[in-house]
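Read through the structure below, which is laid out as structure tokens, and then see the notes.
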Amino acid sequence: MKPILYAHPFSSYCQKVLVALYEHDTAFEYRRIDEEAHLRELAVRWPMRRFPILVDGGRTVIEASTIIEYLQWRYPGELPLIPDDPDAAIEVRMMDRVFDNYVSTPQQKCVFDAVRPAGVRDAHGVAEANAMLDTAYAWLDQRLAGRTWAAGERFSLADCAAAPFLFYAYWTHAIPERHTTLLGYRKRLLARPSFARVVDEARPFREFFPLGAIGDE
Ligand SMILES: N[C@@H](CCC(=O)N[C@@H](CS)C(=O)NCC(=O)O)C(=O)O
């Protein structure tokens, strides 16, 4: 039996897992949550109603990073997305957390704020989120110097996170031109076949991005 992924192609956290699945050409059943029945199934399995979730042999795995860890254990690909070497694995997991907490979280804050009714918007929170993105961009620009991928020379879990999060972060709060290392890394991610496929699958939904999609990638 193939694992089942409940996901939507335009969701950044789903894209994170899709990159991992496409990297290793892992067979899976895609239950898109824009189908009402699938959304209901998701809500039964995870009352937070956040996606993606993975269901495998009756077991429900939540949280994108954990799903990728699970896939690596149950459906390993040729090159692990989390290295066996504990020292290298720490760097990968650390960078994954950085992209989740300091790129995706503030990016989502801006997007969620934009879809709130005008009277209950949180301008102060959005300013804080943009400041966090600026700090993250500057830190990443330094940290990634001399690296091909987020944690070194091997594509990893951290790149699965970085690809969609930097993609949407750029649309939300542009990465300054002076951060050439970070912008170069974002370009490499876009050229990676697993992520290029994800971007293509999400293309039909761009009009739903509340802050407006920019760039021609
Ligand atoms: N911490 C979760 C975050 C998942 C998440 O926030 N997914 C978004 C889509 S990108 C979602 O479910 N949004 C629906 C909502 O907020 O109601 C993970 O790592 O998987």
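On a predicted model such as this, the values are computed, not experimentally measured, just so you know. Both counts, for ligands and for their atoms, begin at 1 and track the order of listing.
With ligand atoms numbered from 1 in the order given, ligand 1 contributes 18 (C), 19 (O), 20 (O) to contacts under 4.0 Å with heavy atoms of A64. Residue S12 has at least one heavy-atom neighbour below 4.0 Å for each of these atoms of ligand 1: 10 (S).
Applying the side-chain hydrogen bond (donor to acceptor under 3.5 Å, both in side chains) criterion to R154, with sequence neighbours excluded, gives no partner residue.
Taking any N or O of F51, backbone or side chain, at least one lies under 3.5 Å from an N or O belonging to ligand 1.
Nearest-heavy-atom check against atom 17 (O) of ligand 1 across E63, M48, R50 picks out R50.
With a 4.0 Å cut-off on non-hydrogen atoms, H8 does not touch ligand 1 at all.
Annotation for V55: hydrophobic cluster partners, listed by chain and number, are I4, Y6, I33, L39, L42, W46, M48, F51, I53, I62 (ILVMFWY side-chain heavy atoms under 4.5 Å, direct or chained).
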**Request:** Evaluate the side chain to side chain donor-acceptor pair (under 3.5 Å) criterion for residues S104 and Y168: first the C-alpha distance (whole Å), next the side-chain angles of each, then the deciding distance (0.1 Å), finally the verdict.
**Result:** CA-CA 8 Å; S104 181; Y168 288 119; over 6 Å; no
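Among protein heavy atoms, the minimum distance from atom 10 (S) of ligand 1 is reached at S11 OG, 3.0 Å.
The closest side-chain donor-acceptor pair between K2 and T26, if any, does not fall under 3.5 angstrom.
Relative orientation of the F10 and W171 rings is tilted, given thresholds of 30° and 60° on the angle between their planes.
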